[in-house]
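For reference, the structure discussed in these notes is given below.
Along the sequence shown, residues carry numbers from 1.
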Amino acid sequence: MAYLAQGALTHAEADCGLPTFLCFLWAGQADYLARHIADHDLAGTADHAAKQIGLEDARRQLTREQPGSDGVTAR
């Protein structure tokens with residue numbers, strides 16, 4: 001909202017770029033969690049179950065149909 005309030009981005013630019021930015025964020029989250037699971041790194045959690053849930057959440061977000069995808073699932 002701050003970018004819109006300050007005029008750094010127009011509403012059209014934000015609408016166009018937000019889906020791609022969110023995919024980037026989810027991909028980073030998936031990478032982080034997958035590495036921690038593979039390395040048996042428990043940093044930040046009591047067990048791997050929470051990391052598995054987070055990784056599944058990221059997978060769902062990255063594989064859902066994206067706006068403007070013409071019915072093609074984003075991967």
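The side chain to side chain contact (heavy atoms under 4.5 Å, CB included) check on Glu56 picks up Arg59, Arg60, with sequence neighbours excluded.
Put simply, Tyr32 and Leu55 are part of the same group of oily side chains (I, L, V, M, F, W, Y) that touch within less than 4.5 Å, one to the next. Residue Leu25 is grouped with residue Leu18 when hydrophobic side chains (ILVMFWY) are merged at heavy-atom distances under 4.5 angstrom, including chains of intermediate members.
The only option from Asp57, Ile37, Asp47 that meets the side chain to side chain contact (heavy atoms under 4.5 Å, CB included) definition with Gln52 turns out to be Ile37.
Listed by first then second residue, pairs satisfying salt bridge (charged side-chain N to carboxylate O under 4.0 Å, His left out) with a partner in residues 16-45 read Asp31-Arg35, not counting sequence neighbours.
Rounding to the nearest 0.5 angstrom, the gap separating the NE2 atom in His48 from the NE2 atom in His36 is 10.0 Å.
Shortest non-hydrogen contact noted between Ala14 and Leu4 is CB-CD2, 4.0 Å.
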